[in-house]
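Some notes on the structure that comes next.
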Amino acid sequence: MKVLELLAKAYAKINKSVLFNHDKHYHTREEQDEFLKQFNVSDDYFENSFNKYKCICYYHYNVAIKVLYNLGALIIFLPSYIYFNRKHLQLCSKDDSLVVVRKRELIKIDDIFPSALRSRYNIEEFEVNINRLFLDSSANKVLWKATKLHPLSFYYLFILMERLAIQSTIIHTRNPMIICNYVCEREFADPILTFYSSKFDVEYDGFMHGDYRFQVDHAFMKYDRYWVWDEHYIKMFNDLKCNQTMKIYTPQKYMPMNIEVKNEGECSFCMTYYLSGEENNEILNNIKNTLDIFKNSGRKCKIRPHPVHSNYEYISLIFKDYYIEDVKNYSLGCSVEDTFFVVALNSTVLSQAYRSGKIIVIDDVSDKNTYLELSKKDYISYKQAQFLLSELIVNRVIR
């Protein structure tokens, strides 16, 4: 069904621009806490799913986007439902495999996948192709129960149907012991997918793919197991009313890098600024002005863009007098090894560098409002950092 495939690609593009809008105003920690007070911690999979949906709408979607999504879902729901039910699935025999749902090729799992699972199971990947998805009878029953509960929430129901079709197809064609998902913290269908999978004795797990901060769109996750990188995240997700079993593991990403920790005089660069991809043009200008302070005092600085989300065209324009790393051909280990200070406002690189013995610095200068908000949102690197960037300006430049 080519139309469905084209619509899926269009939705993905629009939704990415909404979720990663650099100019969007986000609710403060206090506002998010107040919003969460209206919900109770629940064991009910359907209640968790819809509560999560409401949290995501609150955090990301304005009225216009919600109207657009619901109108589009209303139009394509019935044709898609008929298409997903075009044939009956036969359940294959059970095996001891673990299937990872691969939705985003740009995020590799080699350095974030739980090693305890890798050592126990035969790992397979399932690449989502919307033209090869089907709903089984159990998935249809689950979908219609959700429809009775929320008959006018067309966007919610359409995404739930599509995600049930993915899960249904995996279970009937692979029938694994475990299905694993990642980049999944905003997946409001997943609590119901956990319930659906249990009907086939299939465990449904999720695992982290980067450092997180307190965000209400991560609330109400409910997996059979959710794998976290630190005790810090268990408390955070409990505060976000995620009623699920959580297990701590150390990803390869968190292992100390195989680098030499050099003295300042041995490093080619005084500092490297690691962009998160969330910076708008105004913030990029502020970062450039801040680095100019160090550059004008004789300190060499360089920039490392985010490999996926950074605005490379604008970065190349305003940082033309700085060394901009080629993230595809210059490894993160080499980047961190050759700088004395590792600087960022919000980047997983901070945690990686910290665990490798480097000095990490939080930028409290270029985007003060975001810094103040992040300091309230349990961001783990804010507890690990040795310096604030403002302190380096005073101690290294002004003095």
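From a predicted model like this one, the values you see are computed outputs, not experimental measurements.
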What verdict does the side chain to side chain contact (heavy atoms under 4.5 Å, CB included) test give for L160 and L143, after you've listed the backbone C-alpha separation in whole Å, the side-chain angles of each residue and the deciding distance to 0.1 Å? CA-CA 7 Å; L160 175 59; L143 176 62; 4.3 Å; yes
Indicate yes or no: at least one non-hydrogen side-chain atom of M236 is less than 4.5 angstrom from one of H232. yes
Does K262 qualify as a cation-pi partner of F340, given the criterion of NZ or CZ under 6.0 Å from the six-membered ring centre and within 45 degrees of its axis? no
Would you find a donor on one side and an acceptor on the other, under 3.5 Å apart, between the side chain of N181 and the backbone of G206? no
Does a salt bridge link D292 with K288, judged by any charged N lying under 4.0 Å from a carboxylate O? yes
Which word best sums up how the rings of Y58 and F35 line up, parallel for under 30°, tilted for 30 to 60°, or perpendicular for over 60°? parallel
Measure the spacing between NZ of K358 and CZ of F341 and express it to the nearest 0.5 Å. 10.0 Å
Less than 4.0 Å between a side-chain N and a carboxylate O, is that true for D217 and K52? no
Is the closest side-chain donor-acceptor distance between E162 and S80 under 3.5 Å? no
Does CD in E313 sit with more than 12 non-hydrogen atoms of other residues, nucleotides or ligands closer than 6.0 Å? no
Can you find a pair of side-chain heavy atoms, one from E34 and one from Q32, that are under 4.5 Å apart? no
Within 45 degrees of the ring normal and closer than 6.0 Å to the centroid, is that where the cationic atom of R102 sits relative to F126? no
Going through the distances and angles, do E373 and R29 end up as a salt bridge (charged side-chain N to carboxylate O under 4.0 Å, His left out)? CA-CA 7 Å; E373 275 304 310; R29 172 64 188 267; over 6 Å; no
Would you say the ring centroid of Y212 lies under 6.0 angstrom from that of Y379? no
Roughly how far, to the nearest 0.5 Å, is CD of E47 from CG of N243? 10.5 Å
R304 to Y274 six-membered ring, cation-pi geometry met (6.0 Å, 45°): no
Just by distance, no angles: are the side chains of S351 and D211 close enough, under 3.5 Å, to form a donor-acceptor pair? yes
Could you verify whether a donor N or O on one side chain and an acceptor N or O on the other, from W229 and Y254, lie under 3.5 Å apart? no
A side-chain contact here means heavy atoms from C-beta on lying under 4.5 Å apart; do Y155 and L74 qualify? no
I'd like to know whether the aromatic ring centres of F134 and H172 sit less than 6.0 Å apart in this structure. no
Verify, without hydrogens or angle tests, whether E185 (side chain) and H218 (backbone) share a donor-acceptor contact under 3.5 angstrom. no
Counting only N and O atoms by type, is there a donor-acceptor contact under 3.5 Å from the side chain of K222 to the main-chain atoms of Y45? no
State whether E325 and K302 are salt-bridged, where the test is any N-O pair (Lys NZ or Arg NE/NH1/NH2 against Asp/Glu carboxylate O) under 4.0 Å. yes
Please walk me through it: do E203 and I179 pass side chain to side chain contact (heavy atoms under 4.5 Å, CB included)? CA-CA 6 Å; E203 183 178 307; I179 298 174; over 6 Å; no
Has S347 got a side-chain atom pairing as donor or acceptor with A344's backbone, closer than 3.5 angstrom? no
I56 and H60: side chain to side chain contact (heavy atoms under 4.5 Å, CB included), yes or no, with the steps? CA-CA 6 Å; I56 290 167; H60 288 290; 4.2 Å; yes
Is the number of heavy atoms from other residues, nucleotides or ligands within 6.0 Å of CG (D326) greater than 12? yes
Decide yes or no for D224 and T245: does some side-chain heavy atom of the first lie under 4.5 Å from some side-chain heavy atom of the second? no
Side-chain H-bond candidate by donor/acceptor type, N140 with S137, under 3.5 Å: no
Can any side-chain N or O of S168 pair as donor or acceptor with the backbone N or O of D136 at less than 3.5 Å? yes
Given the side-chain rings of W227 and Y233, with only the six-membered ring counted for Trp, is the space between their centroids under 6.0 Å? no
Mark yes or no for whether N175, through its side chain, and C92, through its backbone, hold a donor-acceptor pair below 3.5 Å. yes
Compute the centroid of each ring, for F200 and then for Y196, and state whether the two points are separated by less than 6.0 Å. yes
The ring-ring contact (aromatic ring centres under 6.0 Å, His included) partner of Y69 among F154, F158, Y61, F77 is Y61
Looking at Y312, is its backbone amide N or carbonyl O close enough to the side chain of S310 to form a donor-acceptor pair, meaning the two atoms are under 3.5 Å apart? no
As a quick check of understanding, evaluate ring-ring contact (aromatic ring centres under 6.0 Å, His included) for Y371 and Y382, giving each step before the final call. CA-CA 10 Å; Y371 163 74; Y382 280 36; 5.7 Å; yes
List the steps and the verdict of side chain to side chain donor-acceptor pair (under 3.5 Å) for N346 and E278. CA-CA 9 Å; N346 171 28; E278 298 178 358; 3.2 Å; yes
Among L98, I178, I109, exactly one meets side-chain contact (heavy atoms from CB on, under 4.5 Å) together with I123. Which residue is that? L98
Is K376 paired with E30 through a side-chain N to carboxylate O contact shorter than 4.0 Å? yes
Nearest-0.5 Å distance that lies between atom CG in L392 and atom CD1 in I359: 8.5 Å
Short question: side chain of E279, backbone of G277 - any donor-acceptor pair under 3.5 Å? yes
Hey, are the side chains of S138 and K141 touching, using non-hydrogen atoms and a 4.5 Å cut-off? no
Could you walk me through whether D33 and K37 pass salt bridge (charged side-chain N to carboxylate O under 4.0 Å, His left out), step by step? CA-CA 6 Å; D33 283 334; K37 285 181 181 178; over 6 Å; no
Side chains of D338 and S268: donor-acceptor distance under 3.5 Å anywhere? yes
Are Y223 and Y226 an aromatic pair by the rule of ring centers under 6.0 Å? yes
Exactly one candidate in I112, D111, T348 meets side-chain contact (heavy atoms from CB on, under 4.5 Å) with H209; the answer is I112
Pair K94 + D201, salt bridge at N-O below 4.0 Å: no
Can the ring centroids of F220 and F39 be said to lie less than 6.0 angstrom from one another? yes
Between D364 and K368, is there a side-chain N and carboxylate O pair less than 4.0 Å apart? no
I would like to know whether T272 and V336 meet side chain to side chain contact (heavy atoms under 4.5 Å, CB included); could you show each step before the answer? CA-CA 8 Å; T272 303; V336 170; over 6 Å; no
Flag yes if L71 and L157 sit in one hydrophobic cluster, no otherwise; membership is Ile, Leu, Val, Met, Phe, Trp, Tyr, and two members link when side-chain heavy atoms are under 4.5 Å apart. yes
Modelled atom types, side-chain donor and acceptor of D44 and S42, under 3.5 Å: no
Does atom CZ (R118) have a neighbourhood of more than 12 heavy atoms from anything else shown, all under 6.0 Å? yes
Test item: D190 side-chain N/O and L193 main-chain N/O as donor-acceptor pair under 3.5 Å: no
Tell me, do V142 and I192 make a side-chain contact under 4.5 Å, heavy atoms counted? yes
So, do Y156 and H150 have ring centers that fall under 6.0 Å from each other? yes
Verify, without hydrogens or angle tests, whether E337 (side chain) and E260 (backbone) share a donor-acceptor contact under 3.5 angstrom. yes
